[in-house]
Amino acid sequence: MAKSQAYQRIRAEVIRLVGLIPKGRFTTYGSIAVHMNVVPRHVASVLSKLSDVEAAELPWHRVLSADAQISPRMDSELKSTQRQRLEAEGLSFDAEGKVQNADLHFHVVGIRRNIRWDSPAGV
DNA sequence: GGAGAGGCTTACT
DNA sequence: AAGTAAGCCTCTC
């Protein structure tokens, strides 16, 4: 029995969902959180507390913040790593660290809440 | 057992 | 439009 079954469940789901993200796509903490019916912070916390093995195997870099940006609170090294990995997968980043064509590369995690990128008009 | 913090989000000011 | 404040639930000290 784990310390908290809830957290175990959450972590397992996060891992699974993140692992399901296809290459060249991304999703957001909020999307995952909503999908699991948890708060976004949990998703972030889970990712930050992942095991080394999981962090190495899991494409956590495909998880971005709500605005399709790399989380600014993240460690500097991780931020650059994340960006490099995403670029390596074919994603493009703006000078601000925003994903270009976010709506095109967004991976829907089961459900989708009302994603409000700045310009849905482009679609 | 209580208090602080956590890779976010949303809403109001 | 940008910045500040509160919220969510769980973990860790």
Side-chain angles (χ1 to χ4, degrees):
Chain A
M1 183 56 182
K3 304 175 185 176
S4 348
Q5 189 174 5
Y7 194 70
Q8 294 296 328
R9 177 183 113 252
I10 292 170
R11 187 169 68 179
E13 279 295 286
V14 171
I15 292 170
R16 171 153 66 149
L17 293 175
V18 173
L20 289 178
I21 302 172
K23 180 181 157 209
R25 301 252 179 108
F26 74 93
T27 189
T28 66
Y29 293 102
S31 300
I32 296 175
V34 169
H35 172 75
M36 297 161 45
N37 198 31
V38 300
V39 289
R41 252 193 209 169
H42 292 172
V43 180
S45 295
V46 168
L47 291 178
S48 53
K49 285 160 192 155
L50 277 177
S51 309
D52 296 335
V53 180
E54 294 176 320
E57 298 296 310
L58 197 71
W60 57 269
H61 55 269
R62 291 177 191 156
V63 183
L64 304 176
S65 56
D67 286 328
Q69 294 182 227
I70 295 179
S71 309
R73 276 103 144 106
M74 197 190 274
D75 227 37
S76 304
E77 292 184 40
L78 292 180
K79 286 200 298 192
S80 45
T81 301
Q82 184 173 25
R83 180 166 154 176
Q84 288 176 13
R85 289 195 184 190
L86 289 172
E87 288 179 333
E89 294 186 352
L91 274 137
S92 306
F93 279 89
D94 200 332
E96 299 175 352
K98 247 159 100 175
V99 173
Q100 296 181 0
N101 300 322
D103 52 332
L104 298 179
H105 287 287
F106 181 67
H107 173 74
V108 179
V109 183
I111 83 176
R112 69 266 246 319
R113 69 200 296 224
N114 195 8
I115 306 291
R116 43 174 200 67
W117 312 111
D118 19 284
S119 56
V123 206

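Naming: A, B, ... by sequence-line order, numbering from 1 per chain.
A heavy-atom distance below 4.5 Å is not found between the side chains of A:V46 and A:E13. Counting heavy atoms from C-beta outward, A:L64 and A:I70 have side chains that approach closer than 4.5 Å. Side chains of A:V14 and A:L50 form no contact here, defined as non-hydrogen atoms less than 4.5 Å apart.
Note: CD (A:E13) to C1' (C:dT10) measures 17 Å, nearest angstrom. Whole-Å rounding puts the A:Q8 CD to C:dC9 P distance at 19 Å.
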With side chain to side chain donor-acceptor pair (under 3.5 Å) as the test, would you mind laying out the steps for A:R85 and A:Q82 before giving the verdict? CA-CA 5 Å; A:R85 289 195 184 190; A:Q82 184 173 25; over 6 Å; no
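Between A:M36 atom CE and A:R16 atom CZ the span is 10.0 Å, to the nearest 0.5 Å. Between atom CZ of residue A:R25 and atom CG of residue A:L91 there is a gap of 9.5 Å, rounded to the nearest 0.5 Å.
Scanning DNA chain C for stems, defined as runs of 3 or more consecutive Watson-Crick or G-U wobble pairs whose donor-acceptor distances all fall under 3.5 Å, gives the following ranges: B:2-6 with C:9-13, B:8-13 with C:2-7.
Between the side chain of A:S51 and the backbone N or O of A:E54 there is no donor-acceptor pair closer than 3.5 Å.
Each of A:H105, A:R62, A:Q84 was evaluated against A:E89; a single residue qualifies, A:R62, per the side-chain contact (heavy atoms from CB on, under 4.5 Å) test.
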Identify the pairs formed between an N or O of the protein and an N or O of nucleotides 5-8 of chain B at a distance under 3.5 Å, and give each distance.
residue, atom, partner, partner atom, Å
B:dG6, O6, A:R41, NH1, 2.9
B:dG6, N3, A:S45, OG, 3.4
B:dG7, O6, A:L47, O, 2.9
B:dG7, N3, A:Y29, OH, 3.3
B:dC8, OP2, A:R73, NE, 3.4
B:dC8, N3, A:R41, NE, 3.4
B:dC8, N4, A:R41, NE, 3.4
B:dC8, N4, A:R41, NH2, 2.5

